[in-house]
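Note that the structure is a prediction, hence the values are computed from the model and not measured.
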Amino acid sequence: MNDKSDPAAPEEIRDYIRDIIRDDLAAGRRDVIVTRFPPEPNGYLHIGHAKSVCLNFGIGIEFGGRCHMRFDDTNPVKEEHEYIDAIQEDVRWLGFDWGEHLYFASDHFERLYQWAEHLINSGDAYIDDLSPDEIREHRGTLTEPGKNSPYRERPIEENLDLFRRMRAGEFPNGARVLRAKVDMASGNMNMRDPVIYRILHANHPRTGDAWCIYPTYDFAHGQSDAIEGVTHSICTLEFEDHRPLYDWLIAHLPVDMVPLQYEFSRLNLTYTVLSKRRLIQLVQENHVRGWDDPRLPTLRGLRRRGIPAAAIRDFVSRLAISKSDGTVEIALLEHCVRELLNKTAERRMAVLKPLKVVIENWPEGETDELEAINNPNDESAGTRRINFSGEIFIERDDFMEEPAKKFFRLAPGREVRLRYAYFITCREVIKNDAGEVIELRCTYDPESRGGQSPDGRKVKGTLHWASAADSVAAEVRLYNHLFNSENPGAEDDVLNDLNPDSLQVLENCLIEPSLASATPGEAIQFERQGYFCLDADSTPERPVFNRTISLRDDWARIQKQKQKS
RNA sequence: UGGGGAAUAGUAUAAUGGUAGUACAGCGGACUCUGACUCCGUAGGUCGAGGUUCGAAUCCUCGUUCCCCAGCCA
């Protein structure tokens with residue numbers, strides 16, 4: 001098997017990070033390759049994280065090394081246990097396994113504390129009594145150097161004493177911090193004596209109230225890497241100017257091995273947002289129905305929408321690992337979803353906006369049983385039987401009283417094929433008082449059973465349909481891009497870019513009876529319309545389907561072109 | 001001259017001094033019991049100006065544009 005969506009595929013992938021790894025291996029600088037996926041448990045994973053997950057776990061697999069799952073849980077004020085569980089569930093769903101290598105930065109708190117004392121003892125860190133505001137003032141600006149804190153030259157013994165008393169809980173939040181003594185004049189802000197420990201009297205999801213001081217990201221991440229033996233610590237571009245500090249800290253600590261940091265550009269996608277802040281806002285302000293809303297780019301949202309993990313892996317595999325930062329068109333993701341689902345999804349018929357059709361010459365009370373193919377791309381999927389009789393429904397959009405140019409579906413006097421059934425001809429249009437078409441009177445050709453006429457007569461259109469006697473009523477939810485603009489919020493408030501039609505609920509759909517017992521998450525193609533899956537909101541009485549993605553639609557494209565011209 | 005990064009078709013990228021290639025998107029057509037799928041065809045690019053070289057996307061110089069950094073967030 002050499003399917004590129006298989007996470008264990010041996011195919012050689014090339015990018016600048018993997019090139020470095022191959023070099024490191026060839027030069028003997030590393031024997032085993034160890035990466036890590038380091039989420040902070042303060043939110044749900046989205047497709048941008050999937051890029052990092054696939055990169056890190058992918059590298060672990062490809063080079064016969066391993067990838068650790070590590071939670072960067074150094075800020076108890078923001079983190080919650082709920083996210084720790086959800087993140088693991090999402091990564092597993094994506095198809096990756098860390099075996100026994102589950103770590104938490106909080107596992108290393110005691111060692112980190114000892115290392116902080118080590119820094120104090122070597123004169124490389126000091127306790128600063130300045131307030132947060134004063135620290136900011138001393139930091140200088142982007143163009144002006146900072147000023148040394150008056151506490152910078154505090155004696156080692158005093159620093160040690162104060163640090164121990166910080167740990168013991170003698171001081172309130174914000175009273176003092178531990179800072180690395182680097183260089184207040186550095187052009188790199190991260191080197192201007194960064195805070196590495198702060199007082200936070202807060203309950204930690206894992207360590208409870210064991211600690212009231214916590215290391216900052218900069219004093220936890222690289223250190224955890226070193227403790228766990230991570231060789232290649234891969235992160236996104238915004239950490240690029242933390243790298244000098246990462247290296248400085250490692251160089252000043254008694255570590256057993258030296259991890260190295262590499263950066264790549266994070267994923268941006270058109271017509272959506274991938275920032276934690278904005279995702280939270282959408283959920284909290286109820287612009288969507290929750291973290292698993294199928295319109296959201298969260299992994300839970302994509303899953304509920306019916307997008308298979310394999311399609312996400314395939315999509316991610318087509319992204320470049322580079323340092324130039326850009327925006328990928330959502331059309332690429334959509335392509336990956338369609339390509340996969342076209343191969344795997346069974347076909348069924350469902351009428352979303354029903355229009356009644358009475359076959360006038362159908363023999364009274366008779367039912368015909370027809371055979372339909374389940375998946376033209378997979379013979380082993382077999383066939384099924386569907387009932388046909390004198391009253392059916394077709395899609396409203398498949399009828400035009402005055403057919404437009406190039407419209408080759410049903411119209412007065414016109415003959416079309418009903419898929420897997422018969423040719424019918426529209427004889428009469430029935431309207432209500434408001435002038436709306438409410439019913440069509442048609443005749444069928446008994447010779448065309450199965451969808452072919454023995455005289456070789458051709459029809460232009462083939463319509464899907466639902467039998468009035470057998471169909472089951474269902475709700476169908478159609479999704480469109482959550483935002484109207486490619487780059488939401490670029491010009492204006494993001495919320496002004498929200499697409500009011502991102503969710504369209506159709507209450508009166510008719511589906512084949514067998515669909516009522518579909519498995520949640522199983523992808524099904526509604527013929528001529530798109531890929532759908534059963535939603536968790538379904539009940540036995542009322543199935544609810546999500547549209548994962550529509551089929552490509554040339555007719556819609558033609559109409560759009562006409563609108564423009 | 002605060003520091004750090006990035007610039008190749010519409011988008012994302014490949015080419016590591018030697019024919020600018022691929023994917024998605026677009027356009028045109030064939031096929032079709034899904035206006036799907038598939039197939040065929042087609043258009044379109046090296047940020048700019050100099051320089052080195054037989055030869056430059058690649059090397060050099062000078063510009064330009066964009067992104068990140070002044071949390072006791074990660």
Exercise. Would you mind calling rG71(B) syn or anti? Take O4'-C1'-N9-C4 for purines or O4'-C1'-N1-C2 for pyrimidines, and syn is within 90° of 0.
Key: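 rG71(B): syn glycosidic orientation.
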Quiz item: Counting side-chain heavy atoms from C-beta on, which of rU34(B), rA23(B), rA25(B) comes nearest to Arg318(A)?
Solution: rA23(B)
Quiz item: Which one, rC24(B), rC72(B), rG5(B), comes nearest to the side chain of Glu240(A)?
Solution: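 Ranking rC24(B), rC72(B), rG5(B) by closest atom to the Glu240(A) side chain puts rG5(B) first.
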Practice problem: May I ask you to say what Arg14(A) touches in the nucleic acid, namely base, sugar-phosphate or nothing, with a heavy-atom cut-off under 4.0 Å? | Solution: base
Exercise. Look at all strands and tell whether Ser324(A) reaches a base, only sugar-phosphate, or nothing, counting heavy atoms closer than 4.0 Å.
Key: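 It contacts sugar-phosphate atoms only.
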[X] [atom1] to [N] [atom2]: how many Å, rounded?
| X | N | atom1 | atom2 | value |
| --- | --- | --- | --- | --- |
| Ile135(A) | rC73(B) | CD1 | P | 11 Å |
| Arg198(A) | rG71(B) | CZ | P | 14 Å |
| Glu379(A) | rC37(B) | CD | P | 22 Å |
| Leu269(A) | rU11(B) | CG | P | 15 Å |

Practice problem: Among Ile213(A), Leu162(A), Ile199(A), find the residue that satisfies the side chain to side chain contact (heavy atoms under 4.5 Å, CB included) test when tested with Arg167(A). | Solution: Ile213(A)
Exercise. Taking all non-hydrogen atoms of both residues into account, name the closest pair between Leu463(A) and Ile394(A) and its distance.
Key: CD1-CD1, 4.1 Å
Quiz item: Partner of rA6(B) by Watson-Crick or G-U wobble geometry, both contacts under 3.5 Å, or none?
Solution: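 Because both required distances fall under 3.5 Å, rA6(B) counts as paired with rU65(B).
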Exercise. With a 3.5 angstrom cut-off on both distances, give the Watson-Crick or G-U wobble partner of rU22(B), or none if there isn't one.
Key: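 With both distances under 3.5 Å, rU22(B) matches rA12(B).
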Self-check item: Gap in Å between the two C1' atoms, one belonging to rA9(B) and one to rG4(B), rounded
Solution: 30 Å
Quiz prompt | N/O donor-acceptor pair, side chain Arg409(A) with base rG35(B), under 3.5 angstrom | solution = yes
Quiz item: So do the side chains of Phe171(A) and Ile127(A) get within less than 4.5 Å of each other, counting heavy atoms only?
Solution: no
Quiz item: More than 12 foreign heavy atoms under 6.0 Å from CZ of Arg266(A): is that the case here?
Solution: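 It does not: Arg266(A) CZ has 12 such atoms or fewer within range.
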Quiz prompt | Aromatic stack Tyr217(A)/rA74(B): centroid gap under 5.5 Å, interplanar angle under 30° | solution =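 The ring of Tyr217(A) is not stacked on rA74(B).
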